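Accompanying notes for the structure given below.
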Amino acid sequence: MGEKRYDPRRIEPKWQEIWAHEHTWEVSNDPIGEGGGELPKSYVLEMLPYPSGEPHIGHLKNYALGDAIAHFHRRTGHRVLHPMGYDAFGLPAENNAIKTGVPPREAAEQSIAAFQRAFRAWGISIDWSREFATHQPSYYRWTQWIFLKLLERGLAYRQEAAVNWCPNDQTVLANEQVIDGRCERCGHLVEIRQLEQWFFRITDYADRLLDDLDSIEWPEHVKAMQRNWIGRSEGAEVSFRCEELGIDYPVFTTRPDTLFGATFFVMAPEHPDVFKLAAGTENEQAVHEYVNRSMAESPEERGDAEKPKTGVPLGRTVTNPVNGEQIPMYVADYVLMEYGTGAIMAVPAHDERDYAFARAFDLPIRRVIGTEEDELPYTGDGPLTNSGPEFDGMHNREAYEAIVDWLDREGNGHRSVNFRLRDWLLSRQRYWGCPIPVVYCDRCGLVPVPEEDLPIELPEIEDYQPRGRSPLAAAEAWVATRCPRCGGDGRRETDTMDTFVDSSWYFLRYCDARNDEQAWDRRALASWMPADQYIGGVEHAILHLMYARFFVKALADMELVDVQEPFKALFTQGMILGSDGSKMSKSAGNVVSPTPIVERFGADAARCYVLFVGPPDQDAAWSDTGVEGVHRFLSRLWRLGDELAGEPGPAEQPHDPSGDGLTLVRKANWAIEKVTGDMRGRFAFNTAIAATMELVNELYRHPAADAAARRFATATAASLVFPFAPHLGAEVYELLSGARVWEEPWPEADPEMLQADTFELVCQVNGRVRDRVSAPTGAAREELERLCRETRGVRAHLDGQDVVKVIVVPDKLVNLVVR
RNA sequence: GCGGCGGUGGUGGAACGGUAGACACGAUGCCCUCAAAAGGCAUUGUCCCUAGGGGACGUGUGGGUUCGAAUCCCACUCGCCGCACCA
């Protein structure tokens, strides 16, 4: 033993070559043609990588996870689709181009090559026949086609709006890409600009995006984040009339029960009527100054809830519809134009912000809910007061309904629902993205490019520097075109699409990736969608995962797809942190690159380690000694295989094992049961790997067991470890049986071998373990009680006391309750 | 503030309401070796006891349910994540 050593550098390329050469992981869309008509489908999908530089350790974990699931599904009788692609468009490649001069296409393609090398070196079981990258015209042709479909349906539109502008990246951003008032990409403070931009009408789907969360198996925290982001609130819209100008101003409120407490009225600085209202009043000048000052403030400064309330009176009043009171109007920046109607009724007694404003401006505060004991501002429940004879004394929950009904009858308001979600701003003033297939014609206006003219290819340019408009605008020859409608002079849209558009439908394309006639064939889609298991990081909980759901729903409404949700189940993996426990970053100098690890310990050890460190949805720190430990385990398994190889023969369970052989056969069956349970439904790969470690340890503990039992136990370990360490699993399994482990069905435990003849009976007195004794499996309750009472430890603790109760858990324990 | 998740040895982590700490790392000792590497074996929650054995205490804190609680319930506390002047 021991002259030969486990050498992943020899084993791993050997199997990778076989899988590549035989196209092992390719799968047909036609189950009948493959003779697999009876097999259920399984679509296992990891989030496609963004090709920037080299793959990092997080990618290894992501794809090791997905691969384990894919292998398990294949061997448990599924046709498995496990594809791969690259999300190649996007800002980083372009910013890199500006810095280094390397064209984004070149950088992206270099990076894609690095990912391809990595996936092969890691032994990920990918169906390469479906591979694509989103920057290829054969892909984005269909991204453009989907855009046209959405445009046709009114779900894509162009509009001027106050939008987030990143002065560093020189482009607009979606709300979802602004984090704490800063650009998600570069961290620069975001400004607000009034610009005409392209939007997708995702708000039309707010209710469905919310409701359908109940139909998918996603982690609770991700659903919660989406619910939060959609931010549905129920309430009422109530009209307040400005008599002097004869205009009704609706407000949205979630508290119509507090209407009698409204003592003033506030508008957002961006509200289009602010100047009109102030015109001619003594406040006109002050209003202009205030509005200009607020507009100049960054969203971050403005959004600070802690800062003192500011505002200016508009010099006008509105009528509170419930009591006819004239209440003063203000403009104040704590009211947001983007939410509700951009105007609010202020109820200082029952809203903290209104309270703060009223105190600062010395405005009346009138309690309408609760008693003296409830300190103001009071946001809790209670009986109404100061709300007229009709409502006084009524509990506020009831009053809510009663007041809304009354408003409705009088024509002053109605029930209403508001969402926090806003439309998806998709245009970017940047080069490296999918061109928007639209032409502007002086005569016809905005004209969609006809489908047959797609793709509108992204031209090659030399200067990527953004100058407030897309660098594409400088490509004169490309911009100048014919109007598809009238044939006259036209100009192409020079904005490109947000990268998230590309990744909102790629999972559909995998189903029919080589189709040149259409984006997909519906039958191909029907044979795979939805993805049964989606795997990726939580950082996409809102952006990508919401957009993709929106796309699928919109496409379903156009009868282009047959599912309502793209991802039936979602698994969010935890991050691999640096060995110091903090996030890996170049500046912290704690980045672990997978390449040297794989070269040194093998892909199998690296893959097993990231799955073994802990539950895969949790963050885990990288540990060099941890990988060495896993490598040690794989070596031990390999040595068993090497030692037992001899000539290939059966590796099946021997018929009548006895002694140490029986122990091994039992342990092997126990491991089968344990690993299968850990993988089915849950993702307890850490404990699954631990169980195969136990099996291997057991083999080392019983070196004298008969060879048949050892062969069986070793082959079983190889078979069970295959989803995590495919090369080693295949190697050892072949050494012992001559067969290919991935062609073998997943092992099933022999029920007879799952139970021993005896077990260790736990003997408790008052719930505390006092002794243990060997007892026959299946023994009667009385028998177990007797055995328990006879043990030394129990007798010592019984000590003549009365046994008042006996609890027997068959095949497990006896608990004697004494007084 | 709202929403979600979590607190177990020196470390990462195991535990259908039923033996807390599987498995692994680290540490210690031994074997193999001229030596080393590699490998193998053993010990390893804390404390206490006249110690081949036995006892007490132990899953953030306090209470509760139960024959029995890391697990279920209540309150608190600490930490992480998301959202946040959203009316």
Side-chain angles (χ1 to χ4, degrees), chain A residues 1-2 5-6 179-180 219-229 231-233 235 251-255 258 266 268 302-307 309 332-336 338-347 350-354 356-357 379 418-422 538-539 541-542 581 609 612-615 617-630 632-633 635-636 639 674 677 684 686-694 696-697 700-701 703 760-772 792-793 796 803-809 812-818:
Chain A
M1 201 157 50
R5 249 191 234 177
Y6 166 52
I179 312 292
D180 293 333
E220 204 40 57
H221 67 281
V222 176
K223 289 190 187 184
M225 277 193 240
Q226 292 215 350
R227 285 194 191 104
N228 224 309
W229 190 263
R232 183 181 202 273
S233 28
V251 299
F252 174 73
T253 177
T254 53
R255 296 295 304 275
T258 65
V266 191
R302 235 189 102 170
D304 183 4
E306 303 302 310
K307 81 166 190 186
K309 295 279 176 285
D333 67 1
Y334 81 95
V335 175
L336 311 174
E338 315 81 85
Y339 189 77
T341 61
I344 61 154
M345 64 171 203
V347 184
H350 305 289
D351 181 282
E352 283 170 27
R353 297 150 302 174
D354 297 344
F357 191 87
T379 52
N418 241 282
F419 294 94
R420 211 188 74 101
L421 181 72
R422 281 179 270 156
V538 242
E539 64 272 21
I542 297 171
Y609 171 72
F612 178 67
V613 243
D617 55 341
Q618 269 176 40
D619 293 352
W622 180 263
S623 151
D624 286 329
T625 52
V627 196
E628 284 169 31
V630 171
R632 204 167 298 145
F633 153 66
S635 301
R636 280 156 69 83
R639 284 205 307 278
K674 171 76 178 146
N686 54 332
T687 50
I689 292 169
T692 61
M693 285 175 172
E694 281 194 57
V696 168
N697 290 346
Y700 274 79
R701 260 195 290 275
E760 194 175 63
L761 178 70
V762 172
C763 306
Q764 297 181 331
V765 177
N766 283 347
R768 315 197 57 128
V769 181
R770 294 306 179 185
D771 216 326
R772 299 179 176 93
R792 256 184 47 178
V803 175
V804 292
K805 194 168 181 181
V806 180
I807 281 101
V808 180
V809 182
K812 190 151 263 165
L813 65 78
V814 173
N815 184 17
L816 303 176
V817 184
V818 301

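Treat the numbers as computed from the prediction; the structure is a model and nothing was measured. So that the names make sense, note that chain A is the first sequence line, chain B the second, and so on, each numbered from 1.
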Quick check: closest heavy atoms across A/Asn815 and A/Asn766, and the distance to 0.1 Å? OD1-N, 3.4 Å

Quick check on B/G53: is either OP1 or OP2 less than 4.0 Å from any side-chain nitrogen or oxygen of A/Arg792? no

Indicate whether OP1 or OP2 belonging to B/A84 is found under 4.0 Å from a side-chain N or O atom of A/Arg420. yes

May I ask you to say what A/Arg772 touches in the nucleic acid, namely base, sugar-phosphate or nothing, with a heavy-atom cut-off under 4.0 Å? base

Per A/Leu813 side chain, nearest of listed nucleotides B/G82, B/C23, B/G18: B/G18

Using whole Å, report how far CZ of A/Arg5 lies from C1' of B/A37. 7 Å

With rounding to the nearest 0.5 Å, note down the distance linking CZ in A/Arg422 to CZ in A/Arg420. 7.5 Å

Look at A/Arg636 and B/A38 and indicate whether a side-chain polar atom (N or O) is within less than 4.0 Å of OP1 or OP2. no

Nearest 0.5 Å, what's the OH-CG distance between A/Tyr609 and A/Asp624? 8.5 Å

Under a 3.5 Å cut-off for both contacts, is B/C2 paired Watson-Crick or G-U wobble with anything, and if yes, with which nucleotide? B/G82

Output yes when at least one side-chain N/O atom of A/Arg632 is less than 4.0 Å from OP1 or OP2 of B/C25, else no. yes

For A/Thr253, answer base if it contacts any base atom (sugar-phosphate contacts may also be present), sugar-phosphate if it contacts only those atoms, and nothing otherwise; contact means non-hydrogen atoms under 4.0 Å. sugar-phosphate

Base, sugar-phosphate or nothing for A/Gly340? Non-hydrogen atoms, less than 4.0 Å. nothing

Atom CE of A/Met225 and atom CD of A/Glu220: how far apart are they, to the nearest 0.5 Å? 11.0 Å

Among the candidates B/C85, B/G13, B/G3, find the nucleotide nearest to the side-chain atoms of A/Gln618. B/G13

Taking the side chain of A/Arg770 as its heavy atoms from C-beta onward, which of B/G18, B/C23, B/A56 lies nearest to it? B/A56

Does A/Ala224 reach a base, just sugar-phosphate, or nothing at all? Heavy atoms under 4.0 Å. sugar-phosphate

Would you mind classifying the nucleic acid contact of A/Asn697 as base, sugar-phosphate or nothing, using non-hydrogen atoms under 4.0 angstrom? sugar-phosphate

Could you tell me the Watson-Crick or G-U partner of B/A22, where both distances fall under 3.5 Å? Say none if there is no partner. none

Same-atom distance (P) from B/U46 to B/C83, integer angstrom: 43 Å

Does B/G58 pair with anything, Watson-Crick or G-U wobble, both distances under 3.5 Å, and if so, with which nucleotide? none

Value rounded to 0.5 Å, distance of OG1 in A/Thr687 from CD in A/Glu694: 10.5 Å

Heavy-atom contacts, protein to nucleotides 44-52 of chain B, under 4.0 Å, summarised as B (base), S (sugar-phosphate only) or - (none) per nt, yield ---------

In whole angstroms, how far is the P atom of B/A37 from the CD atom of A/Glu628? 13 Å

How far does the C1' atom of B/G17 sit from the matching atom of B/U59, given to the nearest Å? 15 Å

Classify A/Lys309 by what it touches in the nucleic acid, base, sugar-phosphate, or nothing, heavy-atom distance under 4.0 Å. base

Nearest to the side chain of A/Trp229, heavy atoms from C-beta on, is which of B/C16, B/G54, B/C83? B/C83

Minimum heavy-atom separation for A/Ala691 and A/Lys674, please, with both atom names. CB-CG, 3.5 Å

Are a donor atom and an acceptor atom from the side chains of A/Asn697 and A/Arg636 found within less than 3.5 Å of each other? yes

Write down the distance between CD (A/Glu694) and P (B/G21), rounded to a whole number of angstrom. 13 Å

Comparing nearest nucleotides in RNA chain B, the 5'-proximal residue of the pair A/Ser233, A/Val769 is A/Val769

Sugar-phosphate or base contact per nucleotide [nucleotides 67-73 of chain B; S, B, -; heavy atom under 4.0 Å]: B------

Separation of atom CG in A/Asp619 from atom P in B/G13, rounded to whole Å: 9 Å

Heavy-atom pair of closest approach, residues A/Phe252 and A/Gly340: CB-CA, 4.3 Å

Any Lys/Arg nitrogen of A/Glu352 or A/Lys309 sitting under 4.0 Å from an Asp/Glu carboxylate oxygen of the other? no

Would you measure the distance from the C1' atom in B/C16 across to the matching atom in B/U71 and give it in whole Å? 11 Å

CA sep, side-chain torsions, deciding dist, call: A/Arg770, A/Leu816, side chain to side chain contact (heavy atoms under 4.5 Å, CB included): CA-CA 10 Å; A/Arg770 294 306 179 185; A/Leu816 303 176; over 6 Å; no

Please give the nucleotide sitting opposite B/G68 as a Watson-Crick or G-U wobble pair, both distances under 3.5 Å, or none. none

Rounded to whole angstrom units, what separation is found between the CG atom of A/Asp617 and the C1' atom of B/C80? 14 Å

B/A14, OP1 or OP2 - any side-chain N/O from A/Asn686 closer than 4.0 Å? yes

Closest to side chain of A/Tyr700, choosing from B/C57, B/C5, B/G40: B/G40

Whole Å only: how far is the CZ atom of A/Arg232 from the P atom of B/A87? 13 Å

Comparing A/Leu336 with A/Met225, nearest RNA chain B nucleotide closer to 5' gives the residue A/Met225

From CE of A/Met693 over to C1' of B/A22, roughly how many Å is that when rounded to an integer? 12 Å

Assigned glycosidic conformation for B/G9 [threshold 90° from 0]: syn

Looking across every strand, which nucleic acid part, if any, lies under 4.0 Å from A/Pro615 by heavy atom: base, sugar-phosphate, or nothing? sugar-phosphate

Value in whole Å for how far the P atom of B/G82 lies from CD of A/Gln226: 15 Å

Selection from B/G12, B/G18, B/A87 that lies nearest to any side-chain heavy atom of A/Lys812: B/G18

Once you apply a heavy-atom cut-off of 4.0 Å, does A/Phe633 come out as touching a base, just sugar-phosphate, or nothing? nothing

Search all heavy atoms of A/Met345 against all heavy atoms of A/Val251 and return the closest pair with its distance. N-CG1, 3.8 Å

The nucleotide from B/G40, B/A15, B/C85 with an atom nearest the side chain of A/Thr687 is B/A15

Identify which one of A/Asp351, A/Asp354, A/Thr253, A/Leu336 satisfies the side chain to side chain contact (heavy atoms under 4.5 Å, CB included) criterion when paired with A/Ile344. A/Asp354

Of B/G18, B/G82, B/G40, the nucleotide closest to the side chain of A/Arg639 is B/G40

For B/A42, give its Watson-Crick or G-U wobble partner with both distances under 3.5 Å, or none. B/U28

Going by heavy atoms in the side chains, are A/Asn686 and A/Gln618 under 4.5 Å from each other? no

Quick one: pull up OH in A/Tyr6 and CZ in A/Phe633 and give me the separation to the nearest 0.5 Å. 10.0 Å

When all nucleic acid strands are considered with a 4.0 Å heavy-atom cut-off, which category describes A/Val335: base, sugar-phosphate, or nothing? base

